[in-house]
Amino acid sequence: MRLTITSWNINSVRLRLPLVLRFLGEHAPDVLCLQETKCPDDKFPTSDFRKAGYEHVRFVGQKGYHGVAVVSRLPIARVETMSFCEKVDARHMAVSLDRGAGAAAGFTIHNFYVPAGGDVPDPAANDKFAHKLQFLEEMRAWGGRARPTAAPAILVGDLNVAPLEHDVWSHKQLLSVVSHTPVETTALEALRVEAGWADAARVLTPEPEKIYTWWSYRAPDWLKANKGRRLDHVWLSPDLMETCREVAVLKDARGWERPSDHAPVTATLEL
DNA sequence: ATGGTTGTCATACAA
């Protein structure tokens with residue numbers, strides 16, 4: 001069985017609904033995990049996804065900011081959300097896919113949206129950076145406590161950290177830029193390794209090849225400048241890593257009409 | 001060193 005799962009920070013699911021539907025029409029992943037839906041739950045465009053063949057839609061949103069959702073062609077058996085940093089922030093949703101009779105137990109997909117962290121990389125001067133570091137610390141504690149990789153599991157999302165040297169256009173120039181500071185990159189790598197996740201994109205495409213999933217809106221010509229960062233990730237439990245054939249970034253989508261600043265990232269598993 | 005853009009909601013704030 002072939003399973004494809006996409007992670008995409010959509011930066012307003014309502015504004016970009018035509019783009020999402022185009023993506024689903026052209027690429028038809030089995031599961032789409034969205035971040036930054038910026039959509040209160042009573043306004044989520046569930047029926048549009050159903051019409052596109054995605055019957056199973058789960059979301060946790062809030063007005064204006066944040067918000068994550070999972071849109072699936074496969075039945076979702078269970079949904080859980082976690083809150084971090086004592087905030088009700090709509091930054092996580094876990095769904096369990098039922099792989100049906102005959103298959104081994106279903107598996108869980110965790111969809112994360114880690115805080116961006118503001119501009120100043122100093123937790124004493126910038127509350128948003130302090131919040132980001134605290135969030136990563138709580139993710140680490142969760143990974144150690146819940147042992148999510150003990151069973152088949154997937155973690156995707158906008159983790160807002162580009163952990164490796166070749167996850168950014170210039171390692172040297174970004175060392176003091178939030179998303180690539182040593183305190184963030186070491187924290188993210190440590191929590192990933194401790195919990196037992198494989199960084200699927202980097203297992204299949206090791207450094208020094210550059211991988212980017214995000215290009216700032218502020219660059220006048222994002223494509224030509226190509227000053228990207230790898231902020232969006234697919235992590236797999238070791239057993240699922242064995243089944244992973246491809247992790248692809250659809251850079252084209254960054255060039256669509258009124259795009260998100262993030263491109264969709266799709267993992268293909270052969271189960 | 002600085003400013004550059006976008007979305008939401010209401011004209012500030014988060015990214």
Side-chain angles (χ1 to χ4, degrees), chain A residues 7-23 33-45 48 59-69 83-92 111-123 125-136 139 156-163 167-170 172-181 183-185 188 212-233 251 253-265:
Chain A
S7 177
W8 196 4
N9 178 319
I10 197 60
N11 188 13
S12 174
V13 68
R14 285 176 290 172
L15 185 69
R16 287 188 232 293
L17 189 61
L19 277 67
V20 183
L21 295 177
R22 173 178 173 184
F23 175 77
C33 296
L34 295 170
Q35 305 88 33
E36 255 198 297
T37 53
K38 294 186 172 175
C39 183
D41 289 346
D42 61 344
K43 297 207 166 64
F44 199 89
D48 295 282
F59 41 82
V60 50
Q62 63 185 94
K63 191 176 173 181
Y65 311 114
H66 320 316
V68 292
S83 50
F84 290 82
C85 308
E86 298 176 328
K87 291 173 189 281
V88 199
D89 238 10
R91 293 183 180 275
H92 167 267
N111 182 17
F112 270 93
Y113 176 47
V114 173
D119 289 330
V120 179
D122 174 2
N126 172 9
D127 289 344
K128 291 198 278 277
F129 194 68
H131 176 212
K132 182 179 198 176
L133 297 182
Q134 178 67 27
F135 193 102
L136 292 171
M139 273 182 84
V156 303
D158 175 6
L159 305 184
N160 266 316
V161 178
D167 292 339
V168 293
W169 64 276
S170 169
K172 206 173 163 184
Q173 285 178 254
L174 288 173
L175 274 171
S176 59
V177 173
V178 171
S179 75
H180 195 61
T181 65
V183 63
E184 296 167 81
T185 58
L188 190 76
Y212 309 140
T213 66
W214 175 88
W215 294 262
S216 172
Y217 285 129
R218 296 178 188 178
D221 187 342
W222 71 275
L223 186 60
K224 190 171 176 215
N226 199 27
K227 292 183 173 179
R229 305 179 203 169
R230 186 171 72 109
L231 303 181
D232 303 274
H233 299 268
K251 189 177 178 181
R254 179 62 179 79
W256 290 352
E257 183 83 19
R258 293 199 83 182
S260 168
D261 45 356
H262 295 253
V265 180

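So that the names make sense, note that chain A is the first sequence line, chain B the second, and so on, each numbered from 1.
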Reading DNA chain B from 5' onward, which residue's closest nucleotide shows up sooner: A/E36 or A/A219?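 Going by which nucleotide is closer to the 5' end, it is A/A219.
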
On DNA chain B, does the nearest nucleotide to A/P259 precede the nearest nucleotide to A/Y65 from the 5' side, or the other way round? Give the residue.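 Nearest nucleotide further toward 5': that of A/P259.
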
For A/D232, give me all partners under salt bridge (Lys or Arg N to Asp or Glu O under 4.0 Å), at least two apart in sequence or on another chain.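 Residues passing salt bridge (Lys or Arg N to Asp or Glu O under 4.0 Å) with A/D232: none at all.
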
Salt bridge (Lys or Arg N to Asp or Glu O under 4.0 Å) involving A/D89 - partner list, sequence neighbours excluded: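 For A/D89 the salt bridge (Lys or Arg N to Asp or Glu O under 4.0 Å) partners, ignoring immediate neighbours, are A/R91.
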
Under the ring pair (Phe, Tyr, Trp, His ring centres under 6.0 Å) rule, collect the residues that match up with A/F23, sequence neighbours excluded.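 Ring pair (Phe, Tyr, Trp, His ring centres under 6.0 Å) list for A/F23, sorted by chain: A/W8, A/H27.
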
For A/H92, check ring pair (Phe, Tyr, Trp, His ring centres under 6.0 Å) against everything at least two apart and list the hits.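 Per chain and number, A/H92 pairs via ring pair (Phe, Tyr, Trp, His ring centres under 6.0 Å) with A/H110, A/F112.
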
Select base, sugar-phosphate, or nothing to describe what A/R254 touches, counting heavy atoms under 4.0 Å on all strands.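 Nothing, no heavy atom under 4.0 Å.
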
Taking the same atom, [atom1], in [N] and in [M], what whole-Å distance lies between them?
{"N": "B/dG7", "M": "B/dG3", "atom1": "P", "answer": "22 Å"}
{"N": "B/dT2", "M": "B/dT6", "atom1": "P", "answer": "23 Å"}
{"N": "B/dC9", "M": "B/dA15", "atom1": "P", "answer": "14 Å"}

For A/K38, does its backbone N or O pair with a side-chain atom of A/R14 as donor and acceptor, under 3.5 Å?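 Answer holds: yes.
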
Under 4.0 Å from any heavy atom of chain A: name the first and the last nucleotide of DNA chain B that qualifies, 5' to 3'.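 Under 4.0 Å from chain A, the extent on DNA chain B is B/dG4 to B/dA15.
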
Results of side-chain hydrogen bond (donor to acceptor under 3.5 Å, both in side chains) for A/H131 - residues two or more places apart only: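 A/H131: no side-chain hydrogen bond (donor to acceptor under 3.5 Å, both in side chains) contacts found.
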
